[in-house]
Amino acid sequence: MSVRVRFAPSPTGYLHVGGLRTALYNYLFAKHHNGKMILRIEDTDRSRFVENATENLISMLEWAGIIVDESPTKGGEFGPYIQSQRTNIYLEHIHILLNNGKAYYAFDTAEELDAMREKLQAGNQGDYRYDRMNMKNSITLGMDKAIELINAGIPYVIRMLVPDNEEIIFKDIIRGEVKISSNEVDDQILIKSDGFPTYHLAHLVDDHLMGITHVIRGEEWLPSTPKHCILYKAFGWEQPEFAHLPLLLNKDKTKLSKRTGSVAVEDFREKYIKDAFINFVALLGWNPTGDREIYDFQELIDLFNLEKVNKAGAVFDLQKLDWFNFQYLQKLSPEEMGKMLNEELLKIEKTGYDLNWLNKVAYALRERVHFISEIPNYAPYFFNDEIEYEQDYLEKHWNADKKNIILPLVFELEKCKDFTHDELHSTTKKYCEENGIKMKEVIHPLRLMITGKSIGAGMFETMELIGREKCISRMKKFLEKE
RNA sequence: GGCUCCAUCGACUAAUGGAUAGGUCACCACCCUUUCACGGUGGCAGUACGGGUUCGAAUCCCGUUGGAGUCACCA
């Protein structure tokens, strides 16, 4: 049987990085096995629906390189792929359960449920499950009475009937065998009073109908998996394989949330190189063994296996992601770097640069920044003619003596024919040798006069990029002032 | 609180009962050097604790401790 997996988010606004990793693992697993991945939108909670969330979800997945085989926009033979368009299917299926006695109607109000839970809490602690035999439902009232209430327009829900005293055992690919007594499982609501199914019913019916072979989802679903096992059995369906992924964590080891920083994929898209981000995320909770860190997308697909997914959660620590970004930055061509730099400059409304020149600037600085986006701030002297001088640097490398050394050099440099790195370098070297001074004695003042900053790329390379005219005028302006 | 899951350097992880517990990020030092970086070399740092099984345990078992997830007419 060929592998079919799914990613089934709720359209609640944005794609969470934890969700992206789940989607990634699903995708890697599917493609590794030449299988299919589907995208299904779980929008049965009408109150949480957010406009355009589905489009956003898809565009984030596509940015990440996750191209699903079947989806609301792409279609497929198992559609529709939006749960709110499948309500009739759920209703059909709930009747199977109603008819075989595996589900029942319940009429309790929110207040009555609250009262029940309070009572249970007062009695035996830790047990808040639906008290089936002491509430208003078709078991205590009888089916005739239940039908009567329904016909009278009384709101109702449909709950699953959990069998007593059964041991539920299921196999998880990552965690092995998990056991739990059915006495711990609640009579979960399957159909809400608004007629929509809950997640538990809807996802399970869909997974079955859509031929899903492996359910790969976050660990937060582990506690409700026994419910799903009971449901599969109630329907008489074979259950899929389960794999519950370890959670992505905040620094304090709690489930990753936006509390401590951004978790929306769109925010990462703005800052990081896609391949670096994917590489980083893929290695959070999984490792193909060995000492390697850098893997391209195809290698991830080739190597991925669920058996080597870790059990413990992984702290989502951006420090290493920055390093990955640096590594991938070095692999880009000057043209790619220049393009990114141009986009950054557009954001701060700096336009009109020669693209070829931007390529060179970005390339020259590639080893000094983790992100292309740092460049405008790291080396403003490429884009502003107004130079700000670093005070410490100025004090350290400038005084009356320096002026006497530098002045003749400026004239020599002005005479350079091509104003290229090589010529500037040899001219300066010659000058230093003739006057018995060290190169660094003059390079720092040059850097100071032209860039104002103590850090940056090689000075002659920088001068070539800034150009003769600007370099000379900056030096002269500085010399007049100081 | 009940239930379930989990536990290797600060972080990500490797080591499928057998070497001095390996690599990467971060941090520190040194080298290179034209500043800052890159790069190179080295360093710091870990099997939560206690039992057991075994010739041998990070690894298997039990217990303890700690952490997390979950317990909705949300997914």
Side-chain angles (χ1 to χ4, degrees), chain A residues 8-12 42-45 47-48 83 106 108-110 113 117 121 124-129 155-159 172 174-175 178-181 183-186 188-200 202-203 217-226 244 246-247 249 251-255 280 283-294 307-308 310-324 326-327 330 365-369 378 393 396-397 425 428 438-444 446-448 451 453-462:
Chain A
S10 286
T12 51
E42 311 224 324
D43 60 344
T44 54
D45 183 1
S47 65
R48 295 213 301 175
Q83 287 187 330
D108 316 283
T109 62
L113 289 170
R117 292 194 182 105
Q121 194 176 14
N124 48 349
Q125 51 277 66
D127 189 355
Y128 304 97
R129 287 173 304 135
Y156 66 95
V157 299
I158 300 174
R159 288 178 179 271
D172 184 282
I174 294 165
R175 282 152 221 289
V178 180
K179 282 183 214 169
I180 182 177
S181 164
N183 294 344
E184 301 292 340
V185 181
D186 200 3
Q188 184 68 47
I189 288 176
L190 299 176
I191 300 284
K192 298 178 270 187
S193 57
D194 64 2
F196 277 79
T198 57
Y199 167 84
H200 303 284
H203 95 278
R217 70 220 318 186
E219 192 186 348
E220 69 267 29
W221 292 109
L222 198 54
S224 51
T225 304
H244 288 94
L247 261 18
L249 273 21
K251 277 201 173 53
D252 66 1
K253 305 260 186 186
T254 54
K255 192 162 95 168
F280 170 70
L283 261 30
L284 241 30
W286 170 77
N287 190 291
T289 294
D291 292 342
R292 212 150 57 103
E293 299 285 340
I294 306 292
E307 286 73 19
K308 290 205 72 75
N310 294 145
K311 294 183 177 78
V315 173
F316 189 70
D317 182 4
L318 270 5
Q319 221 162 27
K320 195 162 181 177
L321 172 55
D322 288 355
W323 176 80
F324 270 109
F326 177 84
Q327 296 301 316
Q330 308 313 312
L365 295 171
R366 73 193 185 287
E367 284 176 350
R368 304 185 207 243
V369 293
Y378 178 86
Y393 196 49
K396 192 171 173 192
H397 292 286
H425 182 262
T428 307
K438 288 179 181 168
M439 290 281 273
K440 60 170 121 180
E441 294 295 317
V442 298
I443 286 177
H444 286 300
L446 287 178
R447 185 179 291 283
L448 172 68
T451 74
K453 285 175 106 58
S454 64
I455 55 172
M459 197 51 216
F460 301 116
E461 191 183 8
T462 302

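Within every chain, numbering begins at 1; the chains are lettered A, B, ... in the order of the sequence lines, protein sequences first and strands thereafter.
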[Y] and [X], any side-chain heavy atoms less than 4.5 Å apart:
X: A/Thr428; Y: A/Val442; value: yes
X: A/Tyr199; Y: A/Asp45; value: no
X: A/Val315; Y: A/Lys253; value: yes
X: A/Tyr378; Y: A/Lys453; value: no

Just call it for [X]: base, sugar-phosphate, or nothing, with non-hydrogen atoms closer than 4.0 Å on any strand.
X: A/Val157; result: base
X: A/Ala457; result: base
X: A/Ser454; result: base
X: A/Leu247; result: sugar-phosphate
X: A/Arg447; result: base
X: A/Gly285; result: sugar-phosphate
X: A/Arg217; result: nothing
X: A/Val178; result: sugar-phosphate
X: A/Asp252; result: nothing
X: A/Glu42; result: sugar-phosphate
X: A/Met439; result: nothing
X: A/Tyr393; result: nothing
X: A/Lys438; result: nothing

I'd like the [atom1] distance from [M] over to [N], given in whole Å.
N: B/C73; M: B/C61; atom1: P; result: 38 Å
N: B/U33; M: B/U47; atom1: C1'; result: 41 Å
N: B/A19; M: B/A57; atom1: C1'; result: 15 Å
N: B/U20; M: B/A58; atom1: C1'; result: 15 Å
N: B/U8; M: B/C49; atom1: P; result: 11 Å
N: B/G46; M: B/U53; atom1: C1'; result: 25 Å
N: B/C28; M: B/A45; atom1: P; result: 16 Å
N: B/G17; M: B/A26; atom1: C1'; result: 34 Å

Examine [N]: is either OP1 or OP2 under 4.0 Å from a nitrogen or oxygen in the side chain of [X]? Give yes or no.
X: A/Thr44; N: B/A75; value: yes
X: A/Thr254; N: B/G67; value: no
X: A/Lys311; N: B/A68; value: no
X: A/Asn287; N: B/C12; value: no
X: A/Asn310; N: B/A14; value: yes
X: A/Lys453; N: B/U34; value: no
X: A/Lys255; N: B/U70; value: yes

Closest-nucleotide ordering on RNA chain B, the 5'-leading residue of A/Ala312 and A/His444: A/Ala312
A/Ala314 or A/Ile189, whichever maps to the more 5' nucleotide of RNA chain B: A/Ala314
Base B/C36 to side chain A/Arg368, donor-acceptor N/O within 3.5 Å cut-off: yes
Any donor-acceptor N/O pair under 3.5 Å between B/C12 base and A/Lys320 side chain: yes
Minimum-distance nucleotide to [X] side chain [options: [options]]:
X: A/Lys308; options: B/A11, B/A15, B/U34; result: B/A15
X: A/Trp221; options: B/A14, B/A75, B/U35; result: B/A75
X: A/Tyr378; options: B/C36, B/A75, B/U4; result: B/C36
X: A/Gln327; options: B/C74, B/G39, B/A11; result: B/G39
X: A/Glu367; options: B/U4, B/A37, B/G1; result: B/A37
X: A/Tyr199; options: B/U35, B/A11, B/A75; result: B/A75
X: A/Leu222; options: B/U4, B/G2, B/U70; result: B/U4
X: A/Arg159; options: B/G67, B/C73, B/C36; result: B/C73
X: A/Tyr128; options: B/G69, B/U35, B/G1; result: B/G1
X: A/Ser193; options: B/A72, B/A26, B/C73; result: B/C73

Paired with [N]: which nucleotide, if any, by Watson-Crick or G-U wobble criteria at under 3.5 Å for both distances?
N: B/A26; value: none
N: B/U4; value: B/A68
N: B/G50; value: B/C62

Nucleotide B/C36, atom P - distance to CZ of A/Phe460 in whole Å: 16 Å
Syn or anti conformation of B/C38, syn meaning chi within 90° of 0: syn
A/Thr44 to A/Gln83 - nearest heavy-atom pair and separation: CG2-OE1, 3.5 Å
Side chain to side chain contact (heavy atoms under 4.5 Å, CB included) between A/His244 and A/Val178, intermediate numbers included: CA-CA 11 Å; A/His244 288 94; A/Val178 180; over 6 Å; no
Approximate separation, where rounding is to 0.5 Å, of A/Leu284 CG and A/Leu247 CG: 11.5 Å
A/Lys192 side, atom NZ; A/Ile158 side, atom CD1 - distance, nearest 0.5 Å: 13.0 Å
A/Trp221 and A/His200 aromatic ring geometry - parallel, tilted or perpendicular at 30°/60° bounds: perpendicular
Side-chain donor or acceptor of A/Asp172 paired with backbone N/O of A/Ile174 under 3.5 Å: yes
